[in-house]
S.K.: 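Just passing along the structure, written as structure tokens.
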There are 2 protein chains.
Amino acid sequence: MSVSLAPAGHMTCESCPIRHRAVCARCESDELARLDEIKYYRSYEAGQTVVWSGDRMDFVASVVSGIATLTQTMEDGRRQMVGLLLPSDFVGRPGRDGSPYDVVATTDLVMCCFRKKPFEGMMETTPHIAQRLLEMTLDELDAAREWMLVLGRKTAREKIASLLAIIARRDASLKLTSAGGQVAFDLPLTREAMADYLGLTLETVSRQMSALKADGVIILEGKRHITVPSYERLMDEAGDDSDGGMLA
Amino acid sequence: MSVSLAPAGHMTCESCPIRHRAVCARCESDELARLDEIKYYRSYEAGQTVVWSGDRMDFVASVVSGIATLTQTMEDGRRQMVGLLLPSDFVGRPGRDGSPYDVVATTDLVMCCFRKKPFEGMMETTPHIAQRLLEMTLDELDAAREWMLVLGRKTAREKIASLLAIIARRDASLKLTSAGGQVAFDLPLTREAMADYLGLTLETVSRQMSALKADGVIILEGKRHITVPSYERLMDEAGDDSDGGMLA
DNA sequence: TCAGGCAGTTGATCTAGGTCAAGGCGCGGC
DNA sequence: GCCGCGCCTTGACCTAGATCAACTGCCTGA
């Protein structure tokens with residue numbers, strides 16, 4: 001498994017979401033400079049495993065580009081995806097050694113990493129980092145709990161619609177107009193990965209995608225390009241009352 | 001809905017887990033004293049709702065005694081429990097205004113509360129609080145993700161066993177011997193609440209409880225008192241590889 | 001003492017989604 | 001151009017768990 005250091009030269013600080021979105025938006029400049037000293041970039045190819053469940057994880061990181069998933073696997077092979085990492089999302093557990101799940105790159109992936117020890121050191125001296133991290137972790141917790149409702153109580157059709165709504169909102173949030181807007185995006189997941197996320201089989205995913213297409217909720221070009229004529233309609237299919245914050 | 005202030009007089013600091021377990025184990029004593037100034041106790045009767053989903057929540061708190069649940073409800077009434085709060089667990093979201101779910105007392109409940117504004121103030125000045133809170137939130141996130149596996153991929157029997165294992169471990173952790181230990185405890189949940197937690201119907205919960213009893217995995221006295229002859233066996237039924245950290 | 005109600009159990013039946021199996025479609029390699 | 005291989009779709013059938021319904025036991029209040 002070849003993990004190469006990404007060409008960091010032309011990655012300006014602007015492109016690192018840790019600094020600007022993920023951790024330290026409120027820190028003063030000399031603290032930012034210290035973050036720079038322990039920062040490095042890594043890239044992975046689609047399909048590569050970033051960390052194995054149980055492995056020691058000696059860094060924390062945020063996604064610069066590409067998509068990664070967090071999955072848990074039972075001994076008999078049943079799998080459940082427990083998180084989806086999109087650009088600017090954070091991975092890693094200050095204060096913990098091992099990862100409780102596999103982290104896998106589902107597309108080509110670039111991450112901005114910080115060695116854990118020095119990062120933890122910075123947390124001690126720079127309170128804003130811990131506070132920002134707490135905020136982010138609370139967001140993830142909300143997302144995980146929202147997803148528990150999806151997994152425990154929604155029908156297959158509602159599950160699919162929920163997932164598409166999340167991706168649409170995230171992927172296309174800037175393009176969304178206030179109400180009933182049309183959105184288009186490329187699905188970054190295989191049917192199998194969708195099934196793993198939703199607690200379904202890939203056949204059921206496929207069938208429900210076909211059904212949503214037949215009912216005009218989505219328009220499919222090829223297998224992966226999706227146009228949502230009405231975001232409102234999609235939310236409706238997802239059975240959500242509010243469009244409240246989910247997403248890992 | 002009468003919410004009474006609990007008789008705080010004979011609640012010594014020892015009985016408040018916020019200070020000793022939940023938030024501030026590493027703080028110096030003058031900081032502890034400041035926590036005392038903004039602390040108050042509240043008690044709720046079984047069945048009372050502590051906070052409604054969407055409501056403003058102007059405090060953070062930890063459970064002193066009793067049990068509370070966090071649930072989400074869809075418009076059509078489908079319900080999913082997303083967290084179980086046992087003594088020493090923490091509720092509340094520094095930096096957030098509303099609760100995203102109902103918090104309900106399932107037994108008589110005493111909570112140790114801190115008004116949110118001053119608590120947030122303390123977080124700014126006392127870095128250990130934010131760090132401790134981050135640690136706790138990461139634990140909850142792990143628990144939530146573990147539960148996603150339960151909801152998405154486990155069979156009804158495995159779900160029940162998983163829930164019983166969690167409660168047994170939590171409720172009886174001190175009594176557990178290293179291997180194959182016997183544990184006994186009282187179920188703090190109705191069959192319906194179990195169903196809401198597990199994404200099942202109460203009939204299925206009842207049937208699987210009967211099945212586990214028939215197979216000798218558990219011994220039932222009355223409806224609620226449970227003896228687990230072998231914790232190992234229970235874990236096995238739950239389908240868990242490790243007994244890794246779940247629980248909300 | 002008895003009526004009513006809540007919690008739980010158990011049985012009969014139904015169905016959403018899983019399982020197994022047979023293709024289809026696009027794409028890179030030869 | 002054709003082969004082989006992922007990825008996806010569709011069909012036929014099956015089953016775990018939902019649904020509907022009857023019934024038990026226990027506790028509470030009149």
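Computation of the quantities below employed the complete heavy-atom set of this structure, encompassing side-chain atoms and omitting hydrogens, waters and symmetry-equivalent molecules. Naming convention: chains lettered A, B, ... in sequence-line order (proteins, then strands); numbering from 1 in each chain.
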S.K.: Taking atom P of D:dC7 as reference, at what distance in whole Å does atom CG of A:Leu187 sit?
M.R.: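 Value for this atom pair: 14 Å.
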S.K.: Among residues 211-227 of chain B, which ones have heavy-atom contacts with DNA chain D below 4.0 Å?
M.R.: none
S.K.: Polar atoms only, N or O, under 3.5 Å: list the protein pairs with nucleotides 11-17 of chain D and their distances.
M.R.:
| unit_1 | atom_1 | unit_2 | atom_2 | d |
| --- | --- | --- | --- | --- |
| D:dG11 | N7 | A:Arg207 | NH1 | 2.9 |
| D:dG11 | O6 | A:Arg207 | NH2 | 3.3 |
| D:dA12 | N6 | A:Arg207 | NH2 | 3.4 |
| D:dG17 | OP1 | B:Ala156 | N | 2.8 |

S.K.: Hey, could you give me the OG/CE distance between A:Ser162 and A:Met235, rounded to the nearest 0.5 Å?
M.R.: 8.0 Å
S.K.: When you check the gap from the basic side-chain N to the acidic O, do B:Asp89 and B:Arg170 get nearer than 4.0 Å?
M.R.: yes
S.K.: Students often get this wrong, so: under 4.0 angstrom with heavy atoms, is A:Ser206 touching a base, only sugar-phosphate, or nothing?
M.R.: base
S.K.: Figure out the CE/P separation between B:Met209 and C:dT9, and round it to whole Å.
M.R.: 7 Å
S.K.: What I want to find out is whether B:Asp240 reaches B:Lys154 closely enough, with some N-O distance under 4.0 Å, to be called a salt bridge.
M.R.: yes
S.K.: Expressed as a whole number of angstroms, how long is the span from A:Arg191:CZ to C:dC25:P?
M.R.: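 Value for this atom pair: 15 Å.
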S.K.: Where the side chain of B:Thr106 meets the backbone of B:Ile67, is there a donor-acceptor pair that is under 3.5 Å apart?
M.R.: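 Yes; at least one donor-acceptor contact below 3.5 Å.
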S.K.: Could you tell me whether B:Glu203 and B:Arg207 make a salt bridge, using a distance below 4.0 angstrom between a side-chain N and a carboxylate O?
M.R.: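 Result for this pair is no, no salt bridge flagged.
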S.K.: Ignoring hydrogens, what is the shortest heavy-atom contact between A:Leu151 and A:Gly199? Give both atom names and the distance.
M.R.: CD2-N, 3.9 Å
S.K.: Over how many whole Å does the gap from B:Asp196 atom CG to C:dA7 atom P extend?
M.R.: 13 Å
S.K.: Looking at every heavy atom in both B:Arg191 and B:Val205, which two are closest together, and how far apart are they?
M.R.: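 So the two residues come closest at CD-CG1, 3.9 Å.
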S.K.: Considering all heavy atoms of both residues, which atom of A:Gln72 and which atom of B:Leu149 are nearest to each other, and what is their separation?
M.R.: OE1-CB, 3.6 Å
S.K.: Would you kindly give the CG-to-P distance between A:Leu202 and D:dG6, to the nearest whole Å?
M.R.: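 Atom-to-atom, A:Leu202 to D:dG6, this comes out as 15 Å.
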